Amino acid sequence: MFTATLRCGTVLSYEARTFRPEPGDLVPCRHHGYCIVQLTGGPASGGALSTRARPRAQSELREWIRGRSETTVHALRRHGFTLRMVAAAERDGLVDVDLRMGRVAIRPVVGAEPTVTDREARS
Ligand SMILES: [Zn+2]
């Protein structure tokens with residue numbers, strides 16, 4: 001049995017490796033509509049636990065593009081970010097993706113939002 005653990009902790013199982021998504025893929029989740037695969041598991045192919053590519057989280061993508069103004073799809077993929085994640089970032093309005101040119105323009109952050117804490121409620 002092959003498994004995929006989603007970011008929310010839901011574990012999906014698959015009968016064949018080919019059906020199993022890869023870390024970073026967006027898959028249907030029975031609790032949240034869609035969730036990102038964080039880890040995958042299953043019968044190890046070489047006896048060793050294969051953790052070839054460390055799965056990336058969407059927050060890591062945000063982190064990575066911060067401070068940059070432009071990058072390429074190729075560079076993002078080389079750093080372990082999947083096209084789906086890049087597409088999700090575009091949906092979130094973080095980047096503008098030109099797939100034909102392979103260019104990713106990073107949108108400037110408009111006004112850093114102050115973090116609201118619950119300090120007021122406590123005092
Ligand atoms: Zn979920």
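Since the structure is predicted, the reported quantities are computational estimates derived from the model, not experimental observations. Scope of the values below: all heavy atoms of this structure, side chains included, with no hydrogens, waters or symmetry mates. When a ligand or atom number is given, it counts from 1 through the structure's own listing order.
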Sequence neighbours left out, cut at 3.5 Å: what donor-acceptor pairs do the side chains of residues 76-86 make with other protein atoms?
unit_1 : atom_1 : unit_2 : atom_2 : d
H79    : ND1    : A75    : O      : 2.8
T82    : OG1    : G24    : O      : 3.4
T82    : OG1    : M85    : N      : 3.2
R84    : NH1    : L26    : O      : 3.1

Inset, instruction - State, with a plain yes or no, whether a side-chain heavy atom of Y34 is found less than 4.5 Å away from one of C29. - result: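 No, their side chains stay 4.5 Å or more apart.
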Inset, instruction - Would you indicate whether the side-chain heavy atoms of D92 and R62 approach each other to under 4.5 Å? - result: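 When only atoms from C-beta onward are counted, D92 and R62 do touch, with a gap below 4.5 Å.
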Legend entry - Worked check of side-chain contact (heavy atoms from CB on, under 4.5 Å) between L12 and R20: CA-CA 9 Å; L12 304 175; R20 192 188 63 190; over 6 Å; no
Please list, one pair per line, the donor and acceptor atoms closer than 3.5 Å that link side chains of residues 94-105 to other protein atoms, with sequence neighbours excluded.
unit_1 : atom_1 : unit_2 : atom_2 : d
D96    : OD1    : R107   : NE     : 3.2
D96    : OD1    : R107   : NH2    : 2.6
D96    : OD2    : R107   : NE     : 3.0
D98    : OD1    : R100   : N      : 3.2
D98    : OD1    : M101   : N      : 3.2
R103   : NE     : E70    : OE2    : 3.4

Inset, instruction - Kindly work out whether a path of hydrophobic side-chain contacts (I/L/V/M/F/W/Y, heavy atoms less than 4.5 Å apart) joins L39 to I36. - result: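 Different clusters.
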Inset, instruction - Using a cut-off of 2.8 Å, count how many protein N, O or S atoms are strictly closer to the Zn ion (ligand 1). - result: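 Of the protein's nitrogen, oxygen and sulfur atoms, 4 lie under 2.8 Å from the Zn ion (ligand 1).
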